[in-house]
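In the text below, chain A, chain B and the rest are named by the order of the sequence lines, each starting its count at 1.
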Number of protein chains: 2
Amino acid sequence: MRKSTLEEVAAAAGVSKMTASRALRGTSDVSKETREKVLQAAERLNYVGNRLALSLSSQRTNLVAVVVPSMSNIVFPEVLAGISAGLEGSGMQAVFGISDYDAAKEREIIRDMLSWQPSAIIVTGLDQPEDTVRMLKNATIPIIQIMDLDGEPVDFNVGLSHGKAGEDMARALIAAGRRRFGYVGSALELDLRAGKRKAGFERVLGKSGLAFMQSQIDDAFSSVALGKQLTRAALAAMPDLDCLYYSNDDMATGGLFACMELGVAVPGKILIAGFNGLDLANALPVRIATSRSPRHLIGEVAAKLARDVVADGKTIDRKRIAFTPEIIGIGPFENSTG
Amino acid sequence: MRKSTLEEVAAAAGVSKMTASRALRGTSDVSKETREKVLQAAERLNYVGNRLALSLSSQRTNLVAVVVPSMSNIVFPEVLAGISAGLEGSGMQAVFGISDYDAAKEREIIRDMLSWQPSAIIVTGLDQPEDTVRMLKNATIPIIQIMDLDGEPVDFNVGLSHGKAGEDMARALIAAGRRRFGYVGSALELDLRAGKRKAGFERVLGKSGLAFMQSQIDDAFSSVALGKQLTRAALAAMPDLDCLYYSNDDMATGGLFACMELGVAVPGKILIAGFNGLDLANALPVRIATSRSPRHLIGEVAAKLARDVVADGKTIDRKRIAFTPEIIGIGPFENSTG
DNA sequence: GATGTTATCGATACCGGTATCGGTAACAAG
DNA sequence: CTTGTTACCGATACCGGTATCGATAACATC
């Protein structure tokens, strides 16, 4: 039982290849009876069109290439789900690639993606090396860089400023009365956005004459377990901190658990602040502070952007779509009931 | 700056299309100087091959289609990461689709995937409707069904028995002295594997003359928040339970948080049991019971299987690869220190 | 009857690569 | 000098669809 081709369907229906093609696509210029014959023949032969031939012939793929750095944290899957949702009903298909936070791997994945002639490409971040950017530009398709706004976009840009997110969080925590800050993070040389948040946070601390009094940073990727471990180390080194800023909510959650195990009151003694606004963070038995990043929405908006740009080459003037994460979970200092 | 074709590269290098093709692919029958000329021309023109043409012409795509039901839980992203890792270095590329636990949508996604002429397809679960199965079979490519083993596979099968996982957990909990069981779950009519675990659990309860004394099931998808909410309801309805079985670790984590907030000792008064063995579950301040499902590994093994089958049509005799989840986090009843 | 018009269909030329086979030049062997 | 042999390269025919243009038949209009 070989895969049947349009030619075979046409033969079975007693018409030409071209007529069969028209009938199956539902374009005009086909009589009702002929269409019916072709449809039945296709059904009978279990015909499944060959997208390769279609795309090669018609010069459009309806493919959107997407490159994300990781799958081991819920953040990027949520972005992908958003993209998938945003593409729904458009006839466009997302193709995902994972770069593992590796620039060389990212370049190869992008090259590979581009060879499929996608109609648009969505990549994470703004910090691709020059040769990758050149390759992207050369593809002459819409390039949508997501998540980050701190840098020079190649084309379209959907996301938020992580530098500003760090700054805002620092301001909010200082306003809430915190003064003795510590930092817990991981893989900062890979997760550039986490680094930008930290830098923003430190800028504001500096302006207030403050600084991180303690800092625990590991090379491994973020996880709840790692957050727990590093928090223990931070508190051992400097027990009288009153606030810990984390590279993200996973780490912060680990931090909270460490505090619970050590009997350290949260947020009474220590305020714990993360980033992302994961559902998990909201369900925790003790509230931690976090910035809600609209991950699903960013994916959805990027996908819609891709649709719009591809649909009718109508010039989109809003090249940059910025979101501002809402900060939640900070009460006044006295509010503590940890 | 249009996308350049092989033809143009060949012209720039002063050779024929065919020679350029050979040079770029590094096949034999090309002199060193010619190869060099072509490579330079390709570099100069920023040539990126057209995979559509390549695949159409050569009749192979090196594409592996993957269909998973969801992205809103870390489980499937981990499977995808495993597949991605398992495919690494093989020149094969995974293409993902999300079915949202919807059989009709799954069928359309599979049809769409098949139209790209993948070399193999990996789908989640064994419970596809008949027409979907027919379509799969008709594609005449290796079909790898993953995650579940409870049912009749179409072709290859990699996963674990969820029925048995439920049974094993029930036996372990009974052995640990628990008798007054409750169940908390969600979206069971969609997440069939969760349903199979519940059914297995109930089979063992029945054999011991036991049954769920309380059950809270919601239509929404699983989340920590939902687990928390339903656990509150379960405990309100029947406060003297000594064990709660959850549809998965996310729900169970919510259950633990609910207990912590209510001041219910875990596992002293109530033992909480989930499924998956998420990293989160291991980092919790209080240990909960769970079955460790090898998600990444299942993806990796499925990918390797796809590689092997596609590589050389060598007949793989092991059509079924079974994993048994390890149960962790159950101490004897007296062990309680909640 | 000649001429449009409309509806329906097919022939042909691509799309951008690869497979296949054959051709040419250079050199060695007889 | 003829004949192999080897190394290198190109012409041509596909792969399975779609775009484009033209052909045909039926029918209405003048």
Side chains of residues 124-131 of chain A: which donor-acceptor pairs under 3.5 Å do they make with residues two or more places apart or in other chains?
unit_1: A:Thr124; atom_1: OG1; unit_2: A:Val67; atom_2: O; d: 2.8
unit_1: A:Asp127; atom_1: OD2; unit_2: A:Lys196; atom_2: NZ; d: 3.1
unit_1: A:Gln128; atom_1: OE1; unit_2: A:Gln145; atom_2: NE2; d: 2.9
unit_1: A:Gln128; atom_1: NE2; unit_2: A:Thr124; atom_2: O; d: 3.1
unit_1: A:Gln128; atom_1: NE2; unit_2: A:Gly125; atom_2: O; d: 3.2
unit_1: A:Asp131; atom_1: OD2; unit_2: A:Arg107; atom_2: NH1; d: 3.1

- Counting heavy atoms from C-beta on, name the nucleotide in D:dA19, D:dG17, C:dA19 closest to the side chain of A:Arg60. D:dA19

- Looking at residues 110-118 of chain A, who's got a heavy atom less than 4.0 Å off DNA chain D? none

- Task: For A:Gln59 and C:dC15, give me the distance from atom CD to atom P, rounded to whole Å.
- Result: 7 Å

Enumerate the protein-to-nucleotides 10-14 of chain C contacts in which both atoms are nitrogen or oxygen and the separation is below 3.5 Å.
unit_1: C:dG10; atom_1: OP1; unit_2: A:Ser16; atom_2: N; d: 3.4
unit_1: C:dG10; atom_1: OP2; unit_2: A:Ser16; atom_2: N; d: 2.8
unit_1: C:dG10; atom_1: OP2; unit_2: A:Ser16; atom_2: OG; d: 2.8
unit_1: C:dG10; atom_1: OP2; unit_2: A:Thr19; atom_2: OG1; d: 2.4
unit_1: C:dG10; atom_1: N7; unit_2: A:Arg22; atom_2: NH2; d: 2.7
unit_1: C:dG10; atom_1: O6; unit_2: A:Arg22; atom_2: NH1; d: 3.2
unit_1: C:dG10; atom_1: O6; unit_2: A:Arg22; atom_2: NH2; d: 2.9

- Task: Please round to 10 degrees the angle between the axis of the first five pairs and the axis of the last five pairs in the helix from C:dG1-D:dC30 to C:dG30-D:dC1.
- Result: 70°

- Item | Selection from C:dC9, D:dG16, D:dA19 that lies nearest to any side-chain heavy atom of A:Ser31 | C:dC9

- Item | Separation of C:dG16 C1' from B:Arg51 CZ (nearest whole Å) | 14 Å

- Between D:dA19, C:dG17, D:dC8, which nucleotide has the shortest distance from any of its atoms to the side chain of B:Asp29? D:dC8

Polar pairs (N or O, both sides) under 3.5 Å between protein and nucleotides 23-28 of chain D?
none

- Message: One thing to verify: whether A:Glu36 and A:Lys32 come together as a salt bridge, which I'm taking to mean a side-chain N less than 4.0 angstrom from a carboxylate O.
- Response: no

- Note on the structure: With the side chain defined as heavy atoms from C-beta on, B:Leu54 is closest, among D:dT18, C:dC9, C:dG17, to C:dG17

Expected rows: protein N/O vs nucleotides 23-28 of chain C N/O, under 3.5 Å:
none

- For B:Ser55, which contact category applies under a 4.0 Å heavy-atom criterion: base, sugar-phosphate, or nothing? nothing

- May I ask you to decide if B:Gly82's main-chain N or O and B:Arg295's side chain share a donor-acceptor pair within less than 3.5 Å? no

- Note on the structure: In B:Ile144, B:Leu80, B:Val79, the residue satisfying side chain to side chain contact (heavy atoms under 4.5 Å, CB included) with B:Val66 is B:Leu80

